[in-house]
Structure formats: C-alpha cells, structure tokens
Protein chains: 2
Amino acid sequence: MSRPRAKLTNKFPGCPVESTLSFIDGKWKGVILYHLMLEGTLRFNELRRRVPSVTQRMLTKQLRELEEAELLSRTVFAVVPPRVDYALTRRGESLRPVIMALKAWGDENVLCDGERMVLKPLESPPVSRSKFEPA
Amino acid sequence: MSRPRAKLTNKFPGCPVESTLSFIDGKWKGVILYHLMLEGTLRFNELRRRVPSVTQRMLTKQLRELEEAELLSRTVFAVVPPRVDYALTRRGESLRPVIMALKAWGDENVLCDGERMVLKPLESPPVSRSKFEPA
DNA sequence: ATGGACGGTATCCTTTTCGACACTATAGGC
DNA sequence: GCCTATAGTGTCGAAAAGGATACCGTCCAT
C-alpha cells in the first residue's frame, strides 16, 4: 500500500476506485490474494513455490502489508522447523469479485506465455450488419 | 504500465491478475478510466477538473500510457485554442466490470471523506444463528 | 497591453519500489 | 560434520514513479 496514493484519497469522486487499487497495489499482492482464494490457507514456502519469481524478502514484505491491511491473517505455530499459515480474512475474501474480474480481463485480453505480455486481438467487433447483407 | 511488472508476466498461474493490474497501475489511471466510463468523451482540462490533485504533467503522462495500452483514444482537433478529446476504446470499455468492481469494493469498505483513508467496519458478520434463538 | 484558456514540454529533484545478496536459528537425516 | 528445510531479517543500490516549477504558442476578451 503506497502512502502517496493513500494520501490522495480525498473527496473527489472516483476515490473508491483509487483507494481499492491502493490495497492490491504492490507487485505481488494480486497474485498472493489470488492463490489464497484458490487454495485457502497456504504456508510461506507454499506461496513462494506458487509465485516462483518473488524473492523471499519481497514476499515477506507484501504479506506483512496485506496483513496490516486486514486482508489476510498470519498464524505462527511454535514448532521447529517454523510453520506460518496465511489465510484470507473475511475482508480479504470480500475482494474475490475484484480479483476475479482482474483475472477474467487478463484471460480475455492478455497472452501470458512468452517473455513479454501481448495484447490479444479484440474478438467479435461490434458490427451492426445490415439486414440485407448476408452473414 | 510499469515495465518491471510486465517482465514478470510469465507462465505461472495468477499471471492474468498481475498483468491486468499492470494496465491500470499508475496513480491516476483508475480514476481517469472511471470518469471516462461515467461521462464518455472528455477533454484534457475537463479531466483535470475532475481529478483536481493531478498535475498537468502527470495527467499527460498517464493519458499517454493509457493510449499506448490501447485503452483510450486521443483525438486532436486543429483549432485554436487547441482541443483534444479522450475517449475509451473498445478495449478500454471492456475494463468496465473491473473498474466497477474496484469502485464497489471501495464504496463498501473504505471511507474516503477525511484526510486519510479509513477501513469501514465489516457489516453483517456471518453468524449462523440457532433456530431457537430469536432474532 | 494584459491576462486567461487551452494542451501541452522540459528540467530537476525526491520518494518509493524492487531486487541481489548475505545472514540467522533449530531440528532431523545421512 | 554437513546438508536440508523452515521462515524469516538486514543492508545496499539501481531504477522507476511521482511532484514542483517554469516555459511555449495562439487566440480571445477586457
């Protein structure tokens, strides 16, 4: 959650959009929330395996910020080796429609295979074909 | 659209979430899209008035990035004083469910009035009340 | 002639973010 | 005695994002 963005959360309309973005902004928060929505509770290294490119340090940081935002809960078990569980809170769970909307748009519009991100061509353009023109 | 974020758009699942975020990330993109969704075509200074805290430079930058991402179109009229219209493309329009999901969550969960952003308390906790207990 | 509206650029600077790398502690297996 | 797994922390530096300020040219109204 970037402070400067939070600062502009003022009266102007459209603020709800920006403030919601400020919660899931941060390079890894979206994916983290997504995986927790798919799989429920996950441990630190389980998350790490699901998001291979995140570094340990960044994952920790993002998880801490999500915890501070009350979107997920962190449960430490006093065992060795250590065990820490991460799970969505009810508020985190309430983000499901948002995350799923993000995923749906990405699925429809972006090709994620290669090295870079590619926009898919738009499908079924909104042609209003004349009645007299054959399909 | 931040390049580093785009770089990580790799094969791992959850990528669609991140790549969609990369399109609307940038401190002002969410609001800009939101206003264009509400009001249709807007001119530069009309947008500026709707987002009072954005500087001219930043507004220009964000609009250029949105244009490059094919989410909005920029139409210059060769008149004086200059006139430039911004409108959603079809792809930009396709983000409507996403932006509206963001707005809905913000409306439900964040208080935007004062100087800072405040989480609203959760309402209607998921109590499973006994049949024998009166409401 | 002065100032404003319009839609920007150019320059400089600070803040924020992100990643690399090294380091920690403990228990169990070989 | 050494390696592994677990879940981190600390420090450093590069890069990106964002903000402040000044400037441009033309037309119109005062």
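Order of the sequence lines fixes the chain letters, A, B, ..., with proteins taken first and strands second; residue numbering starts at 1 for each chain. The basis for the numbers below is simple: all heavy atoms, side chains too, and nothing from hydrogens, waters or symmetry mates.
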Colleague: Grouping I, L, V, M, F, W and Y whenever their side-chain heavy atoms are under 4.5 Å apart, do B:L59 and B:L38 come out in a common cluster?
Modeller: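 Same cluster.
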Colleague: Which heavy atom of B:I99 sits nearest to which heavy atom of B:M37, and what is that distance?
Modeller: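 Distance-wise, the nearest heavy atoms are CG1-CE, 3.6 Å.
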Colleague: Find the distance B:K27:NZ to C:dT14:C1' and express it as a whole number of Å.
Modeller: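 It is 12 Å, rounded to the nearest whole Å.
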Colleague: Can you give the dot-bracket line for DNA chain C, using ( ) for pairs inside the strand, [ ] for pairs that cross earlier ones, | for pairs with another strand and . for unpaired bases, where Watson-Crick and G-U count if both distances are under 3.5 Å?
Modeller: ||||||||||||||||||||||||||||||
Colleague: Determine the contact category for B:F77: base if any of its heavy atoms lies under 4.0 Å from a base atom, sugar-phosphate if only primed atoms, P, OP1 or OP2 are that close, otherwise nothing.
Modeller: nothing
Colleague: Just how far, in rounded Å, is P of C:dT16 from CG of B:D25?
Modeller: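 Between P of C:dT16 and CG of B:D25: 16 Å.
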Colleague: Specify the separation, in whole Å, of atom CG of A:N45 and atom C1' of D:dG8.
Modeller: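 Whole-Å distance recorded here is 10 Å.
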Colleague: Excluding sequence neighbours, so at least two apart, what forms salt bridge (charged side-chain N to carboxylate O under 4.0 Å, His left out) with A:E108?
Modeller: none
Colleague: With clusters defined by side-chain heavy atoms of hydrophobic residues (ILVMFWY) lying less than 4.5 Å apart, directly or transitively, does A:V80 cluster with A:V76?
Modeller: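 A:V76 does not cluster with A:V80.
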Colleague: Is the shortest side-chain N/O distance from B:R43 to OP1 or OP2 of C:dG7 below 4.0 Å?
Modeller: yes
Colleague: Provide the full list of ring-ring contact (aromatic ring centres under 6.0 Å, His included) pairs with a residue in residues 83-109 of chain B, sequence neighbours left out, each pair given once.
Modeller: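 The answer is A:F23-B:W105.
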Colleague: Mind checking if B:R64 touches a base, just sugar-phosphate, or nothing, with heavy atoms under 4.0 Å?
Modeller: sugar-phosphate
Colleague: Just by protein heavy atoms under 4.0 Å, how would nucleotides 21-30 of chain D read 5' to 3' in B, S and -?
Modeller: -----BS---
Colleague: Does this structure show an ion pair linking B:E18 with A:K27, if we count only N-O contacts that are shorter than 4.0 Å?
Modeller: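 Here B:E18 does not pair with A:K27 in a salt bridge, since their nearest N and O are not under 4.0 Å apart.
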Colleague: Within this structure, what is the CD-to-P distance between A:E65 and D:dG8, rounded to whole angstrom?
Modeller: 15 Å
Colleague: For residues 95-105 of chain A, which residue pairs qualify under salt bridge (charged side-chain N to carboxylate O under 4.0 Å, His left out), counting only residues two or more places apart or in two chains?
Modeller: A:E93-A:R96, A:K103-A:D107
Colleague: Base, sugar-phosphate, or nothing: which does A:R48 touch, judged by heavy atoms less than 4.0 Å apart?
Modeller: nothing
Colleague: Tell me: CG of A:L63 to P of D:dA7, nearest whole Å?
Modeller: 11 Å
Colleague: For the pair made of CZ in B:R74 and P in C:dC6, what is the distance, rounded to whole Å?
Modeller: 16 Å
Colleague: What residues form a salt bridge (charged side-chain N to carboxylate O under 4.0 Å, His left out) with B:E46, not counting sequence neighbours?
Modeller: none
Colleague: Only one of A:E65, A:E68, A:E67 clears salt bridge (Lys or Arg N to Asp or Glu O under 4.0 Å) with A:K29; which?
Modeller: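 Single pass found, and it is A:E65.
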Colleague: Does any N or O in the side chain of A:T89 come within less than 3.5 Å of the main-chain N or O of A:E70, such that one atom is a donor and the other an acceptor?
Modeller: yes
Colleague: What is the separation between atom CG on A:L21 and atom C1' on D:dG18, rounded to the nearest whole Å?
Modeller: 16 Å
Colleague: For B:Q62, which contact category applies under a 4.0 Å heavy-atom criterion: base, sugar-phosphate, or nothing?
Modeller: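 The residue B:Q62 makes sugar-phosphate contact but no base contact.
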Colleague: Counting side-chain heavy atoms from CB outward, which of D:dG8, D:dG19, C:dG8 is closest to B:W28?
Modeller: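 Looking only at side-chain atoms, B:W28 lies closest to D:dG19.
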Colleague: A:K61 side chain N/O closer than 4.0 Å to the phosphate oxygens (OP1, OP2) of D:dT9?
Modeller: no
Colleague: Using whole Å, what does the distance between atom P of nucleotide D:dG18 and atom CE of B:M58 come to?
Modeller: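 After rounding, the reported distance stands at 5 Å.
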